[in-house]
Protein chains: 2
Amino acid sequence: MKDDAIKPTGTQSIARAAAVLRALALRSQSGARMADIARETGLERPTAHRILQGLIAEGMATQNEGTRRYYLGPFIYELGLLAEPRFHLREIAGQAVAFLAEQTGDTVFLAVRGGNDALCIERKAGSFPIKAFTVEVGSRMPLGIGCGGIAMLAALPEEEAASILKFNAPRLAEYGDVTATQLAELVAAARGRGYAINPHRAPGIAAVGMAVRHADGGLAGSISIAAIENRLPSERIEKIAPMLRAEIRKIEKMLRAS
Amino acid sequence: MKDDAIKPTGTQSIARAAAVLRALALRSQSGARMADIARETGLERPTAHRILQGLIAEGMATQNEGTRRYYLGPFIYELGLLAEPRFHLREIAGQAVAFLAEQTGDTVFLAVRGGNDALCIERKAGSFPIKAFTVEVGSRMPLGIGCGGIAMLAALPEEEAASILKFNAPRLAEYGDVTATQLAELVAAARGRGYAINPHRAPGIAAVGMAVRHADGGLAGSISIAAIENRLPSERIEKIAPMLRAEIRKIEKMLRAS
DNA sequence: CTTGACATGTCCATATTATGGACTATTAAT
DNA sequence: ATTAATAGTCCATAATATGGACATGTCAAG
């Protein structure tokens, strides 16, 4: 998130509060304990506690009274709704996703990054009768699971991608028997060729995906195409990839213009 | 947003940063100048500038180099996506919105508050052939314009509602010739009867709306029903209001359980 | 029931950060 | 060209945020 520009001074509290929000984001489903937050942010417990109380007072965090766990608060949701139009990837990319589904006949997914997860925000089915509905719109899974996630990891700085894979390693068991090492290889291969191939997203399913970037080069999201394995041999992937790249170029141009 | 609980100490910087984010939220479409932010937050300009630089460093704000204006940043969007499931009003309320559209035959809207605006996040048309599509999904307008906005204002503390109406007063001209005084009267009337009636949302259109609350009593959003004027005489409004209230009670119960 | 481990939460002397008046630079309006 | 408005910087110091020490609460083990 931080660029290489000169860091501002007198903003330690803001940086610390943002770090706490990132810790909450990582556990936005399960909720975070204060001990988790203190450990992940490197803050002393009284400091973490005070920052949490400050965020709660502003509506940016909430605490479940029963479990004592902390969550992102309603003001974050509200701000997110207002921020959405400036990053309205769903609207801008929706046509491209529909076009790719029509042209390929397969299922096309649009995803964005959410912390260490990928969030599916759009899906279009193609005409081919066997649909690879591997992901529901609105769902989330660790970055690396799914071709879109691999493509997004490949678009991130290597250290950041490695850190995410390390964080996600214990979580992979919920999604099959793929290992972090295998995912690291898929990410490296994706970096090399410019697009991700996931040959074993699920048994019998294969996928190809590519990242979408903001004007400043930052990661905006990804588009991926999934089909039954025998519909995606190497030759067809090599035909689909340029089509995907062309649509993504158009999306990136519109993101630049907005 | 702030409750009446004891305010935490040692969190002035967080409160100030949140105030800056609110100022950015108010102008999330047009962008905010630093002078705007300093004035609205009451901060001295060097302080406002430094806080903005801190938020930019964390990805919570961005600055357009050409216009110099500041906007909510990509990290806010990402956090908003992660916060959404805990406040997934669209999912929880979707069935109620569809049911009300089916039962009344008219158009039903679901909206949330976004700063001083109302954001339409869901719309269902009923079977009656004349549709009151006064608002597009995804659109926003000042709170007070539209029945859902009036209902949300009525659910807020009176001072907060007055402050929002004051802020929105100069903006009303874009939406017809209704005045802030008229809106204040509609809000007061809504507070009295427990639901909002907007007899002149647009020429020939009338609407009825009600707020949805979170478990803690805070405002979650609103549901409103719009139709051509002669389809909503007083007698019919008195039949629709209990139905609306019953559906909203169900939604609030599910919000509590989630 | 008791004990120990772990976690949450509070206090306040003081270390350190954040502040904002004074100033410079840039842009827009006249 | 001049003036007004706005953006942005600097740094002495005001005042905020810190975290070690401690209190309290919860839960699992014995």
Side-chain angles (χ1 to χ4, degrees), chain A residues 2-24 26-28 30-58 60-73, chain B residues 2-24 26-28 30-58 60-73 170 216:
Chain A
K2 245 167 223 163
D3 60 21
D4 304 300
I6 295 169
K7 287 189 174 190
T9 58
T11 56
Q12 176 182 254
S13 289
I14 293 172
R16 286 181 162 190
V20 170
L21 288 171
R22 272 190 209 99
L24 293 179
L26 292 183
R27 289 168 168 64
S28 56
S30 63
R33 302 177 308 158
M34 204 191 66
D36 295 330
I37 294 168
R39 188 179 57 256
E40 280 167 23
T41 58
L43 297 169
E44 295 289 351
R45 287 177 300 96
T47 303
H49 187 261
R50 191 179 55 259
I51 290 174
L52 279 164
Q53 295 312 301
L55 293 171
I56 289 167
E58 302 304 326
M60 301 179 83
T62 63
Q63 185 180 23
N64 181 297
E65 281 179 34
T67 62
R68 283 340 234 307
R69 287 175 176 250
Y70 293 91
Y71 298 86
L72 292 170
Chain B
K2 247 168 220 162
D3 59 21
D4 302 300
I6 296 168
K7 286 190 177 188
T9 57
T11 55
Q12 177 184 253
S13 290
I14 292 171
R16 286 182 163 191
V20 170
L21 287 171
R22 274 190 207 96
L24 292 178
L26 292 183
R27 291 170 167 62
S28 56
S30 63
R33 303 177 308 157
M34 204 192 64
D36 296 329
I37 293 167
R39 188 177 58 256
E40 279 166 24
T41 58
L43 296 169
E44 296 288 350
R45 285 178 301 95
T47 304
H49 186 261
R50 190 180 54 259
I51 291 173
L52 280 164
Q53 294 312 302
L55 291 171
I56 289 169
E58 301 305 326
M60 301 178 83
T62 62
Q63 183 179 25
N64 181 296
E65 282 179 33
T67 62
R68 284 337 236 307
R69 288 175 174 250
Y70 294 90
Y71 298 86
L72 292 169
D216 66 1

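The chains referred to below are lettered A, B, ... by the order of the sequence lines, with proteins before strands, and numbering in each begins at 1.
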*Rounded to the nearest angstrom, tell me the gap between atom CD1 in A:Ile14 and atom C1' in C:dA18.*
10 Å
_Can you measure B:Glu65 atom CD to C:dT26 atom C1' for me and round it to whole angstrom units?_
15 Å
*Is there a donor and acceptor pair, one atom on the side chain of B:Arg45 and one on the base of C:dG20, closer than 3.5 Å?*
no
*Would you check if A:Tyr70 and A:Asp36 make a side-chain contact, meaning some heavy-atom pair closer than 4.5 Å?*
no
*Please work out if B:Arg69 contacts a base, only the sugar-phosphate, or nothing of the nucleic acid, heavy-atom cut-off 4.0 Å.*
nothing
*On DNA chain C, check which nucleotide each of A:Ser13 and A:Gln53 is closest to and give me the residue with the more 5' one.*
A:Gln53
_Interatomic distance where CZ belongs to A:Arg68 and P belongs to D:dT26 [whole Å]_ = 7 Å
*Test B:Arg22 against A:Glu58 for salt bridge (charged side-chain N to carboxylate O under 4.0 Å, His left out), laying out the working first.*
CA-CA 10 Å; B:Arg22 274 190 207 96; A:Glu58 302 304 326; 3.1 Å; yes
_Quick one, A:Ile51 and A:Ile37 - any side-chain contact, counting heavy atoms below 4.5 Å?_
no
_Using the side-chain heavy atoms of A:Pro46, tell me which of these nucleotides is nearest: C:dT8, D:dA7, C:dC11._
C:dC11
*So, is A:Tyr70 near the phosphate of C:dA7, with a side-chain N or O under 4.0 Å from OP1 or OP2?*
no
*Between atom CD1 in A:Ile51 and atom C1' in C:dT10, what is the gap in whole Å?*
16 Å
*Base, sugar-phosphate, or nothing: which does B:Arg39 touch, judged by heavy atoms less than 4.0 Å apart?*
nothing
*Where the side chain of A:Ala35 is defined as all heavy atoms beyond and including C-beta, which of D:dG19, C:dA7, C:dA18 is the nearest nucleotide?*
C:dA7
*Rounded to the Å, how far apart are A:Asn64 CG and D:dT26 P?*
15 Å
_When you measure from the side chain of B:Gln63 to the backbone of B:Arg68, do you find a donor-acceptor pair of N or O atoms at a distance under 3.5 Å?_
yes
*For C:dT16, does either OP1 or OP2 sit under 4.0 Å from a side-chain N or O belonging to A:Arg16?*
no
*Which part of the nucleic acid, if any, lies within contact of B:Thr9, taking any heavy atom under 4.0 Å across all strands shown: a base, the sugar-phosphate backbone alone, or nothing?*
nothing
*Tell me, do B:Met60 and B:Leu21 make a side-chain contact under 4.5 Å, heavy atoms counted?*
yes
*Using a 4.0 Å heavy-atom cut-off across all strands, classify A:Gln63 as base, sugar-phosphate, or nothing.*
sugar-phosphate
*Among C:dG21, C:dG9, D:dA17, which nucleotide sits nearest the side chain of B:Glu44?*
C:dG21
*Could you state the atom-to-atom distance from CE of B:Met34 to P of D:dA5 in whole Å?*
15 Å
*Can a side chain N or O of B:His49 be found less than 4.0 Å away from OP1 or OP2 on D:dG8?*
yes
*asked:* Reading DNA chain C from 5' onward, which residue's closest nucleotide shows up sooner: B:Thr47 or A:Asp36?
replied: A:Asp36
